[in-house]
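Here is how names work: the chains are called A, B, and so on, in the same order as the sequence lines, proteins then strands, and each is numbered from 1. Model, not experiment: these values are computed from the prediction.
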2 protein chains.
Amino acid sequence: MRPLSNEAPPARRRRGSEQPTLKEVADAAGVSPITASRALNAPERVNAQTRARVLTAVERLGYVPNLAAGSLASARSRFIAVIVPSLANTVFIEVIQGLQETFEAQGYQILLGNTDYDIDREYQLIRTFLGWSCSALVTAGLRHSEACRTLLANWDKPIMEVMELGEALDLNVGLDHTEAGRCMARHLLERGHRRVLFVGARMSGDYRAAMRYAGHREVLEQAGCDAPLLELDPLGSLDAGAEGLECALAHREGISAIHFANDDLATGALLHAQRRGLSVPDDMAIAGFNGLPLGQHVTPRLTTIRSPRQHMGQLAAEEVIRRLESKRVLRRQHDVGFELLIGEST
Amino acid sequence: MRPLSNEAPPARRRRGSEQPTLKEVADAAGVSPITASRALNAPERVNAQTRARVLTAVERLGYVPNLAAGSLASARSRFIAVIVPSLANTVFIEVIQGLQETFEAQGYQILLGNTDYDIDREYQLIRTFLGWSCSALVTAGLRHSEACRTLLANWDKPIMEVMELGEALDLNVGLDHTEAGRCMARHLLERGHRRVLFVGARMSGDYRAAMRYAGHREVLEQAGCDAPLLELDPLGSLDAGAEGLECALAHREGISAIHFANDDLATGALLHAQRRGLSVPDDMAIAGFNGLPLGQHVTPRLTTIRSPRQHMGQLAAEEVIRRLESKRVLRRQHDVGFELLIGEST
DNA sequence: TACAACGATGATAGCGCTAACATGATAGCG
DNA sequence: CGCTATCATGTTAGCGCTATCATCGTTGTA
């Protein structure tokens with residue numbers, strides 16, 4: 001056995017972070033650290049003069065709070081985890097803008113994750129984000145992996161699923177994509193189109209487009225028409241739209257209208273028709289989805305469905321904040337609706 | 001005086017976080033917490049079998065590491081602060097995409113901040129982000145408030161400024177906007193335009209557009225032409241472009257070409273010209289900046305300048321990562337260049 | 001055979017902050 | 001006047017993790 005030693009343990013030095021700590025601020029202000037902490041985080045709980053002294057000390061020392069320490073001690077952070085499948089799609093950006101605006105105004109910081117339409121990546125991201133003790137989670141869509149559901153089942157913070165409506169984990173703000181598909185199909189039938197091609201891109205990932213197709217198909221089949229589907233590989237882009245139009249023209253078979261899964265595709269087709277000297281809607285009617293400004297600036301204007309994306313983000317954020325501030329739940333689900341914009345393209 | 005009391009202090013209970021901790025994982029695996037920590041964060045420093053036992057325990061208990069605790073103990077996080085002036089502008093989104101892709105692949109998480117073109121907001125964001133012990137800061141542009149510079153002066157982590165080139169704080173990846181402005185102006189002169197209107201939007205905020213105007217003006221003045229400027233209020237949008245075109249037509253004064261500050265404005269003008277039955281470039285030549293896909297799909301195709309935005313993000317991220325991994329600095333500054341795309345609009 | 005070198009693991013002591021409780025002073029009230 | 005309520009502040013004890021140094025075999029080397 002080794003001999004026992006009762007000497008004092010050698011002084012160990014940690015990497016000094018250089019940065020002043022709350023304790024130094026407190027010393028400079030002549031108060032205890034907890035009072036300094038309160039002066040910064042709960043000003044109303046501290047005498048105005050004391051608070052002023054603390055703030056002066058903060059200023060003078062250039063103190064920057066260590067948020068990881070605060071988060072550890074209080075078991076919460078002002079992070080909101082936001083998970084979207086893509087940044088390349090304007091639609092998500094606009095929702096994010098709505099979220100960010102509203103959350104930042106309340107002092108929350110968004111932690112943005114991009115799954116790239118990969119459901120396992122979503123699990124990884126959520127796992128990491130939970131590790132930061134986020135105040136809430138906002139995720140685009142209702143589809144999650146089993147692992148993800150298990151992880152979230154034991155989580156007691158608000159979960160907000162945006163974009164579509166359905167059986168949600170907790171809160172839900174979105175619109176009915178199937179109904180949107182039906183709506184456009186009805187419009188096309190009204191315009192006399194009996195054979196309408198639906199053109200989508202990577203619809204296994206973009207399953208909301210698949211939902212719209214389902215609605216579209218339902219209406220057409222009820223009217224005794226069939227509902228051919230063309231699925232392109234690249235995600236919605238102008239080029240892909242042109243390709244979709246070419247395909248439709250090549251195989252024609254009586255197709256008089258194309259219902260595109262989104263405005264990028266539709267506008268791509270419209271501009272391509274223009275270059276090719278085709279008349280829209282006489283040679284081919286074209287419809288989109290999203291209601292992007294671009295579609296309203298081309299000639300003919302694009303018939304499309306506008307969804308209130310930024311508003312969806314705002315509303316989602318507001319609901320989450322309401323939930324964070326009072327446990328009272330007002331409504332779990334909000335349908336933000338959509339609007340059929342009829343242009344001259346159909 | 002109060003009587004002394006030697007009783008044991010009453011047991012205090014903290015809010016139990018329910019979540020298993022590293023200690024519980026370690027107990028389950030029959031190792032010490034530090035070994036469990038190493039098994040997760042530095043696998044090569046732990047025996048393969050031990051590591052496997054730890055990972056099994058992690059799995060079984062559904063352990064999620066508390067990242068705030070780790071960050072506090074190690075004085076670092078895998079956060080990268082990214083600050084942009086706007087999310088409404090595709091340009092920044094594409095840079096962010098490049099950054100995110102590259103950083104996420106290396107296990108870094110982006111903390112995204114939006115200044116809304118407000119230089120004080122930038123200071124606030126940076127302050128918050130420093131509080132999270134970020135590994136690096138990426139910010140769009142070289143302009144910062146004094147407070148911001150002071151704050152960053154004492155910060156020893158990599159700082160990357162993207163978008164434009166110039167006197168940078170640390171690392172810098174971007175392009176020369178003044179030269180881009182010159183380049184387009186030269187092209188317009190070559191095409192025989194002697195009176196060219198520059199149309200921008202909110203150029204006090206979008207100072208890179210102002211730099212392009214400066215270059216544009218320099219070239220025109222050297223050629224003995226003047227360089228009128230029209231500044232619109234709303235940020236680059238299709239509508240504003242239409243408005244710019246109308247303005248130019250109303251006040252004409254021999255203007256034969258418009259150099260727009262960006263492609264959104266330019267395309268808006270182009271589409272508006274189409275609606276109005278004007279011929280581009282015969283009635284009015286139109287040029288843009290950015291090289292967005294849209295401009296290449298309209299007829300006539302838009303003359304513009306393409307900047308490698310996503311590549312800029314990737315390159316910036318790579319440089320930062322290189323810097324984080326080895327202190328060795330290779331190059332502080334990278335010019336990613338630009339490319340003049342000549343369409344039929346000029 | 002002695003000893004440095006290394007590999008695997010552990011004990012200890014914080015990181016910087018805040019929750020929970022405690023204290024003392026002042027105010028309010030019948 | 002004694003009692004509780006409220007306010008302003010302080011004391012203590014962690015939050016859950018990792019840096020640092022220590023320990024103990026096992027090798028490799030002279």
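The distance between atom CD of Glu24(B) and atom P of dC15(D), rounded to the nearest whole Å, is 11 Å. Asn47(B) places its CG atom 19 Å from the P atom of dC24(D), with the value rounded to the nearest Å. Here the C1' atom of nucleotide dC17(C) and the CG atom of Leu67(A) are 10 Å apart, to the nearest Å. The nearest whole Å value for the distance from the CZ atom in Arg78(A) to the C1' atom in dC17(C) is 16 Å. Rounded to an integer number of Å, the gap from CG of Leu61(B) to P of dG16(D) is 15 Å. Rounded to whole angstrom, the span from the CG atom of Leu72(B) across to the P atom of dC17(D) amounts to 12 Å.
Axis deviation across the helix from dT1(C)-dA30(D) to dG30(C)-dC1(D) amounts to 30°, comparing end segments of five pairs, rounded to 10 degrees.
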Apply side chain to side chain contact (heavy atoms under 4.5 Å, CB included) to the pair Arg323(A) and Asp170(A), showing each step before the final yes or no.
-> CA-CA 11 Å; Arg323(A) 176 68 163 278; Asp170(A) 184 5; 3.2 Å; yes
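Checked against the 6.0 Å centroid threshold, Phe129(A) and Trp155(A) do not count as a close aromatic pair.
Annotation: of the two residues near DNA chain D, Arg38(A) and Gly70(B), the 5′-most nearest-nucleotide partner is Arg38(A). Where Arg45(A) and Gly30(B) meet DNA chain C, the nucleotide closest to each residue was compared, and Gly30(B) sits on the side nearer the 5' end.
When the side-chain nitrogen and oxygen atoms of Thr35(B) are compared with OP1 and OP2 of dG10(C), one or more of them lie within a distance under 4.0 Å. For the OP1/OP2 pair of dT9(D) and a distance below 4.0 Å, the side-chain nitrogens and oxygens of Arg53(A) include no atom meeting the criterion. Remark: Asn41(B) is in phosphate contact with dT18(D), judged by side-chain N or O atoms under 4.0 Å from OP1 or OP2. In terms of phosphate contacts, Ser37(B) brings no side-chain nitrogen or oxygen within less than 4.0 Å of OP1 or OP2 of dC17(D). The side chain of Ser32(A) contributes an N or O atom lying less than 4.0 Å from OP1 or OP2 of dG10(D). Close to dT9(C), at under 4.0 Å from its OP1 or OP2, lies a side-chain N or O of Thr50(B).
Listed candidates were dG16(D), dT9(D), dG16(C). Nearest to the side chain of Ala73(A) is dG16(C). Here the nucleotide nearest the side chain of Ile34(A), chosen from dA19(C), dG16(C), dT20(D), is dA19(C).
Between the side chains of Asn172(A) and Gln333(A), a donor-acceptor pair is found at a separation under 3.5 Å. Between the side chains of Thr128(A) and Gln109(B), not a single donor N or O lies within less than 3.5 Å of an accepting N or O. Side-chain contact check for Gln19(A) and Tyr63(A): no donor-acceptor pair (N or O, by modelled atom type) lies under 3.5 Å.
Ile126(A) pairs with exactly one of Ile159(A), Thr115(A), Ile83(A) by the side chain to side chain contact (heavy atoms under 4.5 Å, CB included) rule, that one being Ile83(A).
For Asp116(B) and Arg121(B), the salt-bridge test fails: no basic side-chain N is under 4.0 Å from an acidic carboxylate O.
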